[in-house]
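Each remark here refers to the structure printed beneath this line.
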Amino acid sequence: MTRYQTIATLFAVTTAAIAFQTSPGLAFSSEAQQMCSGDAMRLCSSEIPDIPRIRACMVQKKAQVSPGCRAVMDREHAAATGSRKREAAAQ
C-alpha cells in the first residue's frame with residue numbers, strides 16, 4: 001500500500017468515526033465522509049489520526065470548508081443539539 005493509500009484509508013476511517021461521534025445516528029456518516037474528506041485533508045491533515053483534534057480543527061476552520069461540508073456540519077450539530085435537549089428533557 002502506498003503512503004497516499006494509507007493516508008486516504010486512515011482518513012476515511014477517521015471521518016466515519018467523527019460522524020459516528022457527532023451525530024445521534026448513522027444518517028450523515030457517508031455524506032460527511034463524501035463532503036468533508038477533502039476539506040479535512042486540506043485544512044487539518046496535521047491532526048490525523050487524533051479524532052478529537054480533527055473535529056476541533058474542522059470546527060475552528062469552519063469558515064474555510066466547502067459549502068457542502070459546512071452544510072453537513074451544520075446538520076450534524078443541529079441533530080446532536082436536538083438529541084441532547086431531548087435527553088435532558090427526559091431526565
Side-chain angles (χ1 to χ4, degrees):
M1 193 179 279
T2 67
R3 181 179 175 170
Y4 177 76
Q5 289 172 322
T6 302
I7 291 171
T9 301
L10 179 60
F11 183 73
V13 169
T14 302
T15 303
I18 290 169
F20 290 136
Q21 290 181 0
T22 59
S23 65
L26 305 179
F28 300 119
S29 62
S30 63
E31 184 180 19
Q33 182 177 351
Q34 180 182 10
M35 300 305 289
C36 298
S37 293
D39 292 314
M41 287 296 287
R42 178 174 52 90
L43 300 169
C44 304
S45 62
S46 63
E47 309 304 332
I48 295 171
D50 189 326
I51 294 169
R53 287 178 58 187
I54 295 168
R55 186 178 340 140
C57 175
M58 291 293 285
V59 169
Q60 180 182 14
K61 296 182 179 184
K62 186 175 177 180
Q64 299 173 41
V65 302
S66 64
C69 181
R70 188 175 309 118
V72 170
M73 290 173 70
D74 289 343
R75 281 194 303 268
E76 288 184 357
H77 177 73
T81 301
S83 177
R84 283 191 289 265
K85 287 181 181 178
R86 285 188 299 275
E87 287 174 6
Q91 292 177 353

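Since we're looking at a predicted model, the values are computed, not measured. Positions are given from 1, in the same order as the sequence printed here.
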Look at Lys61 together with Asp39 and state whether they make a salt bridge at an N to O cut-off of under 4.0 Å. no
Least distance between heavy atoms, Glu76 atom then Ala32 atom: OE2-CB, 3.5 Å
Looking at CD of Gln34 and SG of Cys69, how far apart are the two atoms once the value is rounded to the nearest 0.5 Å? 11.5 Å
Testing His77, Met35, Gln33 one by one against Val72 for a side chain to side chain contact (heavy atoms under 4.5 Å, CB included), which residue passes? Met35
Nearest atoms (heavy-atom pairs only) where Leu43 meets Gln64: CD2-OE1, 3.4 Å
Roughly how far, to the nearest 0.5 Å, is SG of Cys36 from CZ of Arg70? 10.5 Å
Within this structure, what is the SG-CZ distance for the pair Cys44 and Arg55, rounded to the nearest 0.5 Å? 12.5 Å
Between Arg42 and Val65, the two heavy atoms sitting closest are NH2-CA, 4.2 Å
Compare every heavy atom of Met73 with every heavy atom of Met58, then report the nearest pair and how far apart it is. O-CE, 3.5 Å
